[in-house]
Amino acid sequence: MENQNKNVSAVQPTQATQTRRDAMKSLTSALSGATLLRASGATLLGASGAALLGINSSAEANNAEPIVKTREFNATGAKLTGRLVTPTSATYENDRLGWDKYFSTYPSVICYVQNTDDVANALAWSRETGTAMRVRAGGHCLEGWNSVTGGITIDVSSLKSIKLDKENMTATVGTGVNQGELWAALAGTGLGFPTGEADTVGLGGVLLGGGIGVLAASYGVACDNLLAVEMVIASGKTGASVIHADLNQNSDLLWACRGGGGGNFGITTSYTVQLHPITPKVVVWGITWPFAAFQDAFEAWQSWAPTADTRLGSTFNVIPPQTASQEVQVDGIFVGTEAELGDLLSPLTKIPGAQVKKAFRTFAENFVITNADPDPATNWLFRSSWTYKKLPKEALDIVVDFMKRTPNKDCAWWSLSWGGKVRTPPKGGSAFFHRDPLFYSEPGVGWTDPSQTSACIAWSRAFGTAMRAYTQGSYVNVPDRAITDWGNSYYGTNFDRLKTIKSKYDPNEVFKFEQSIPLA
Ligand SMILES: Cc1cc2nc3c(=O)[nH]c(=O)nc-3n(C[C@H](O)[C@H](O)[C@H](O)COP(=O)(O)OP(=O)(O)OC[C@H]3O[C@@H](n4cnc5c(N)ncnc54)[C@H](O)[C@@H]3O)c2cc1C
């Protein structure tokens with residue numbers, strides 16, 4: 001049974017004991033209905049390597065500006081407010097788990113905050129009682145860092161407000177809003193936003209780490225469109241403060257929130273984002289081939305996609321041979337009319353065996369269709385990586401080899417096109433680092449039967465490791481706790497500045513987890 005608005009006694013913190021795991025997501029092809037899987041690869045990109053690649057950290061904000069606070073909360077006698085779920089609640093089993101059931105923690109209390117005050121109370125309570133604390137929004141963290149055994153999960157998923165300012169083309173959303181809810185709110189407005197494609201993924205986590213998808217070439221990384229945040233930070237010995245960050249106030253924090261990763265500086269309660277005019281319908285297109293055409297199709301895609309018309313975004317997906325009649329799939333969006341699309345797809349459609357389909361939908365409609373997976377696995381593992389130089393034949397041979405010996409059918413190697421608007425940082429800069437890759441990729445595996453666990457993990461790890469020689473860096477929103485040099489891998493030359501901002505806004509490291517940004 002849920003405990004409403006009641007105080008919960010302090011529980012001594014314990015660290016999560018879960019072993020290293022990853023996660024994965026599945027999408028269903030808009031056009032073929034086949035299950036698509038995504039995964040991650042982990043390689044390291046040192047600062048010197050980043051410099052060689054000419055990556056621009058564009059950090060305009062000023063670390064020396066004082067923290068401007070909106071409100072202060074005293075910690076003495078802090079009480080938990082909001083909707084509380086504890087281990088004795090009937091719904092606890094469901095409430096304690098996130099999207100990826102592979103990560104199984106047992107928090108002592110889950111606090112579903114209803115407003116900013118509840119967040120501040122929960123943060124102050126956790127500090128005063130010495131209870132370990134984690135933050136959760138959409139619950140899709142791919143390393144389980146949104147919850148800790150014995151601690152408090154501060155869950156912002158009830159913060160569902162959405163305010164549209166059509167004149168200025170902005171939206172101010174509570175951090176409990178998920179991607180699908182934002183798209184539903186934008187339906188019919190003529191405005192769009194470049195999120196990823198899975199509807200239940202929370203903006204709470206997505207925006208802080210990046211937000212990559214097929215609209216990125218048109219409108220940039222989602223986090224580049226972040227104009228302002230409200231955040232509750234730890235302050236004083238055990239207190240909390242509410243602060244606002246935009247280009248004029250706490251601007252260094254805004255920079256850090258644009259790609260610095262979730263759970264690092266404080267708890268965001270609202271985001272204001274820039275929207276963009278979008279055509280009422282986009283062209284949703286898909287091309288499939290049999291597995292045997294993989295090398296030719298991929299070579300064509302990796303030569304074409306990085307410099308294609310910026311209104312074109314696409315994904316390249318390979319599923320195990322014999323899973324479907326057409327195991328190689330490129331799905332994309334064109335933000336324009338069919339007439340404007342013309343023969344822009346011809347570098348792909350001319351590859352022998354291509355079957356082409358097109359449809360005309362709003363992006364919101366496409367969201368619903370692409371997420372209709374009827375039987376998703378419960379456990380997932382991904383390895384994210386960025387490709388800066390075209391994959392040679394040897395690398396494609398590795399993909400063929402691993403896809404021919406998958407541990408089950410819920411395996412895939414998935415790539416996302418990159419280019420266009422993502423190459424340029426927004427005004428004020430952004431902690432998002434990987435602007436110059438040709439594309440993003442991830443091998444992924446999902447499973448439900450526990451007897452498959454070790455085989456699935458082994459396949460994913462070996463696949464990611466084999467591709468490491470051809471890729472650089474990793475994506476913080478698809479993290480991997482096995483990466484030792486994760487700071488450089490996720491953040492490259494931005495890592496040092498993120499550490500400085502961490503020291504300023506969270507000098508006591510109240511926000512701490514396995515790969516949280518350390519103090520400078
Ligand atoms: C099925 C699936 C599909 C995906 N598709 C895409 C995609 O297309 N594009 C893409 O870019 N990524 C994608 N991802 C990755 C996704 O961006 C991350 O998993 C993201 O962190 C999820 O955010 P969340 O709020 O749902 O998760 P949560 O687990 O709630 O949060 C993720 C992290 O952010 C922190 N956090 C959450 N809310 C707050 C807050 N209010 N304040 C401070 N910290 C907070 C958490 O502590 C945690 O560390 C996908 C993931 C899955 C599982």
Side-chain angles (χ1 to χ4, degrees), residues 22-28 36-40 97-103 105 113 116 119 122-123 133-148 151 153-159 173-180 194-216 221-223 229-233 253 256-257 259-271 313 315 367 370-371 373 376-377 379-382 384 414 416 418 422 432 434 440 442 444 446 475-479 506 511-517:
D22 296 4
M24 171 171 174
K25 56 196 117 175
S26 68
L27 306 174
T28 300
L36 312 183
L37 304 175
R38 306 183 41 182
S40 82
L97 295 168
W99 177 83
D100 189 343
K101 309 296 182 286
Y102 192 46
F103 300 99
T105 51
V113 295
T116 302
V119 176
L123 176 55
M133 173 266 304
R134 296 290 172 88
V135 189
R136 188 173 72 184
H140 285 63
C141 181
L142 295 171
E143 275 289 11
W145 291 326
N146 54 19
S147 177
V148 61
T153 301
I154 301 178
D155 187 300
V156 301
S157 63
S158 305
L159 304 181
V173 299
T175 49
V177 172
N178 66 35
Q179 297 190 141
T195 62
E197 292 167 47
D199 54 357
T200 54
V201 171
L203 290 177
V206 167
L207 277 168
L208 293 173
I212 64 176
V214 291
L215 289 177
V221 187
C223 68
V229 303
E230 181 185 76
M231 181 182 276
V232 180
I233 59 169
L253 183 64
C257 287
N264 275 304
F265 306 100
I267 304 167
T268 54
T269 51
S270 82
Y271 299 127
T315 62
F367 242 140
T370 55
N371 285 282
D373 187 347
N379 306 306
W380 301 94
L381 184 69
F382 295 93
S384 64
W414 186 92
L416 171 69
W418 210 231
V422 301
F432 188 87
H434 292 287
Y440 166 88
E442 46 184 40
Y475 176 34
V476 67
N477 270 0
V478 184
D506 185 26
F511 294 89
K512 194 169 169 63
F513 57 94
E514 289 83 337
Q515 289 185 349
S516 53
I517 293 169

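We count ligands from 1, going down the list as the structure has it; atoms in each ligand are counted the same way. Just so it is clear, the values below take in all heavy atoms, side chains as well, and ignore hydrogens, waters and symmetry mates.
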- Message: For Ala137, which part has a heavy atom under 4.0 Å from ligand 1: side chain, backbone, both, or neither?
- Response: both

- Task: Apply the test side chain to side chain contact (heavy atoms under 4.5 Å, CB included) to residues Asp506 and Ile233: give CA-CA distance (whole Å), side-chain angles for both, the deciding distance (0.1 Å), then the verdict.
- Result: CA-CA 7 Å; Asp506 185 26; Ile233 59 169; over 6 Å; no

- Item | Phe513 and ligand 1 - part of the residue with a heavy-atom distance under 4.0 Å | neither

- Describe, in one word, how the ring planes of Tyr440 and Tyr475 are oriented to each other, choosing from parallel (under 30°), tilted (30 to 60°) and perpendicular (over 60°). perpendicular

- A student checking ligand 1 against Thr175 at a 4.0 Å heavy-atom cut-off should list atoms 41 (N)

- Asn178 side chain to Gly138 backbone, donor-acceptor under 3.5 Å: no

- For ligand 1, indicate whether the residue Leu208 contacts it via side chain, backbone, both or neither (heavy-atom separation under 4.0 Å). side chain

- Message: Polar contacts were defined as any N/O atom of the residue lying under 3.5 Å from an N/O atom of the ligand; does this apply to Tyr271 and ligand 1?
- Response: no

- Under 3.5 Å donor-acceptor, Trp418 side chain and His434 backbone: yes

- Task: Please check if the side chain of Thr175 supplies one atom and the backbone of Thr268 the other of a donor-acceptor pair under 3.5 Å.
- Result: yes

- Message: Below 3.5 Å, N or O to N or O, backbone or side chain included: is there any such pair between Val201 and ligand 1?
- Response: no

- Walk me through it: do Thr195 and Val206 pass the test side chain to side chain contact (heavy atoms under 4.5 Å, CB included)? CA-CA 8 Å; Thr195 62; Val206 167; 5.7 Å; no

- Query: Can you list the ligand 1 atoms lying under 4.0 Å from a non-hydrogen atom of Ala198?
  - Reply: 3 (C)

- For ligand 1, which atoms have a heavy atom of Gly196 less than 4.0 angstrom away? 7 (C), 8 (O), 9 (N)

- Do the side chain of Asp100 and the main chain of Leu142 share a donor and acceptor less than 3.5 angstrom apart? no

- Query: What part of Val135 sits under 4.0 Å from ligand 1 if we count only heavy atoms: the side chain, the backbone, both or neither?
  - Reply: both

- Is there a heavy atom of Gly213 sitting under 4.0 angstrom from any atom of ligand 1? no

- Message: Is there a polar contact between ligand 1 and Gly263, counting only N or O atoms under 3.5 Å apart?
- Response: yes

- Query: Does Gly98 come within less than 4.0 Å of ligand 1, judged by its heavy atoms?
  - Reply: no

- Task: Provide the number and element of each atom of ligand 1 under 4.0 Å from a heavy atom of Cys141.
- Result: 27 (O), 28 (P), 29 (O), 32 (C)

- Distance-only side-chain donor-acceptor flag, Ser157 / Asp155, under 3.5 Å: yes

- Message: If the cut-off is 4.0 Å to any non-hydrogen atom of Gly211, which atoms of ligand 1 fall inside it?
- Response: 11 (O)

- Item | Proximity to ligand 1 by part of Glu197, non-hydrogen separation under 4.0 Å | backbone

- Out of Pro479, Gly266, Gly205, indicate the one that has the non-hydrogen atom closest to atom 21 (O) of ligand 1. Gly205

- Could you list which atoms of ligand 1 come closer than 4.0 Å to a heavy atom of Arg136? 30 (O)

- Task: Give the atoms of ligand 1, by number and element, whose distance to some non-hydrogen atom of Leu142 is under 4.0 Å.
- Result: 53 (C)

- Any side-chain heavy-atom pair of Ile517 and Phe511 under 4.5 Å: no

- Quick one: does Phe511 get within less than 4.0 Å of ligand 1, heavy atoms only? no

- Here the gap from Leu208 atom CG to Asn477 atom CG, rounded to the nearest 0.5 Å, amounts to 8.0 Å

- Just going by heavy-atom distances, which of Asn178, Asn477, Ile212 is nearest to atom 9 (N) of ligand 1? Ile212

- Item | Backbone N/O of Trp145 and side chain of Glu514: donor-acceptor pair under 3.5 Å | no

- Query: Rounded to the nearest 0.5 Å, how far apart are CG of Leu159 and OH of Tyr271?
  - Reply: 10.5 Å

- Tell me which one of Asn146, Thr268, Leu207 gets a heavy atom nearest to atom 41 (N) of ligand 1. Thr268

- Query: Any heavy atom of Gly261 sitting closer than 4.0 Å to ligand 1?
  - Reply: no

- Query: With only distance considered, is Gly202 within less than 3.5 Å of ligand 1 through an N or O on each side?
  - Reply: yes

- Query: Distance from Ser270 atom OG to Leu203 atom CG, nearest 0.5 Å?
  - Reply: 12.0 Å

- Query: Does Thr269 offer a backbone N or O that forms a donor-acceptor pair with the side chain of Glu230 under 3.5 Å?
  - Reply: no

